[in-house]
J.: 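Once you've had a glance at the structure underneath, I'll fire off some questions.
Because the structure is a prediction, the values reported are computed rather than measured.
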Amino acid sequence: FKAAEAVQESADALVLPAYEIEEGGRLGRAASRIDGLLGGLGAHAVAQGDFAGKKGELLTLVLPAGVGAKRLVLAGLGKKEGFENETLRRLGAALMKSLGSRAAKVVVALDDYGLGVRNTENDLQAFAEGVHLAAYRFDRFMSEAKAPKLKRLILCDARGREASAARSGLKLAAAIAEGVAFARDLGNLPGNEGRPRILAAESRKMARKYGLAAKVLGEKEMEKEGMG
């Protein structure tokens, strides 16, 4: 999270989230200001009916040389009334799938989303979870694993609102995603690699990494506990 004008960041793509636009309407005030600094391509797309801000809608526009970002991505949030953070989780995943293989740095402008109006920590946690989980790859046994090109994703707000809550949500999302990836890795192991002894070793390894205690039960201990 960064307290900065998104348009001043050099990036492969600048993402501009926008709520649903009524027919004949336009982008929100903050989004319109940012779009204006980029030449008004977003407003033109709305006027032509190419973008309406519907939930899950993505429109990528190539920006002219001389501006900070190479592409402008209009991202639909759907209707503002009844908005749920699951929309942000799905948006994060959609952006990762769309840009993960072709953009090394992505900037997201949060100015029109409404920081401080909703629960910023929960919302940005949901968004970041979507990004992290969509980036998951099980490539342990691949000779040439192809990692996503995306290395940096920066969330920007010009006024730096709710910075502490935003960073807290992003940190929590990273921890949750790491745990999910760990579980997925174990579940994806082939039978000859996913034996109990190996799973126990992986569990102990994770416990040591985070300063936790790990207890592995043998057959007799499990029988005593009535575990079948």
J.: CZ of Arg90: more than 12 outside heavy atoms within 6.0 angstrom?
T.: no
J.: Between Glu202 and Leu199 (side chain of the first, backbone of the second, donor and acceptor by atom type, cut-off under 3.5 Å), is there such a pair?
T.: no
J.: Pairs in or reaching into residues 204-217: which pass side chain to side chain donor-acceptor pair (under 3.5 Å), with residues at least two apart or in two chains?
T.: Glu178-Lys209, Glu178-Tyr210
J.: Minimum heavy-atom separation for Leu61 and Leu41, please, with both atom names.
T.: CD1-O, 3.8 Å
J.: Would a distance-only check, ignoring hydrogens and angles, find a side-chain to backbone donor-acceptor pair under 3.5 Å from Asp111 to Asp157?
T.: no
J.: Quick one: do Glu9 and Lys2 satisfy salt bridge (Lys or Arg N to Asp or Glu O under 4.0 Å)? Show the steps, please.
T.: CA-CA 10 Å; Glu9 295 288 324; Lys2 190 173 184 179; 2.8 Å; yes
J.: Under 3.5 Å, is there a donor-acceptor pair between the side chain of Arg71 and the main chain of Val15?
T.: no
J.: Side chains of residues 163-171: which donor-acceptor partners sit under 3.5 Å, not counting sequence neighbours?
T.:
residue	atom	partner	partner atom	Å
Arg167	NH2	Phe1	O	3.4
Ser168	OG	Glu121	OE2	2.9

J.: Could Arg184 and Tyr136 be counted as a cation-pi pair, given that NZ or CZ must be under 6.0 Å from the ring centre and within 45° of the axis?
T.: yes
J.: Determine, for Lys70 against Asp12, whether the closest basic-nitrogen to carboxylate-oxygen distance falls under 4.0 angstrom.
T.: yes
J.: Donor-acceptor check, side chain of Asn188 to backbone of Phe138, threshold 3.5 angstrom: yes or no?
T.: no
J.: Between the side chains of Arg33 and Glu5, is the shortest nitrogen-to-carboxylate-oxygen separation below 4.0 Å, so that they form an ion pair?
T.: yes
J.: Please check if the number of heavy atoms outside Arg159 that lie under 6.0 Å from its CZ is greater than 12.
T.: no
J.: Short question: side chain of Arg26, backbone of Glu22 - any donor-acceptor pair under 3.5 Å?
T.: no
J.: Is there a path of hydrophobic side-chain contacts, each under 4.5 Å between heavy atoms of I, L, V, M, F, W or Y residues, that connects Val73 with Leu88?
T.: yes
J.: For a quick test of your reading: what N or O donor-acceptor pairs under 3.5 Å do the side chains of residues 219-228 make, sequence neighbours left out?
T.:
residue	atom	partner	partner atom	Å
Glu221	OE1	Gly218	N	3.0

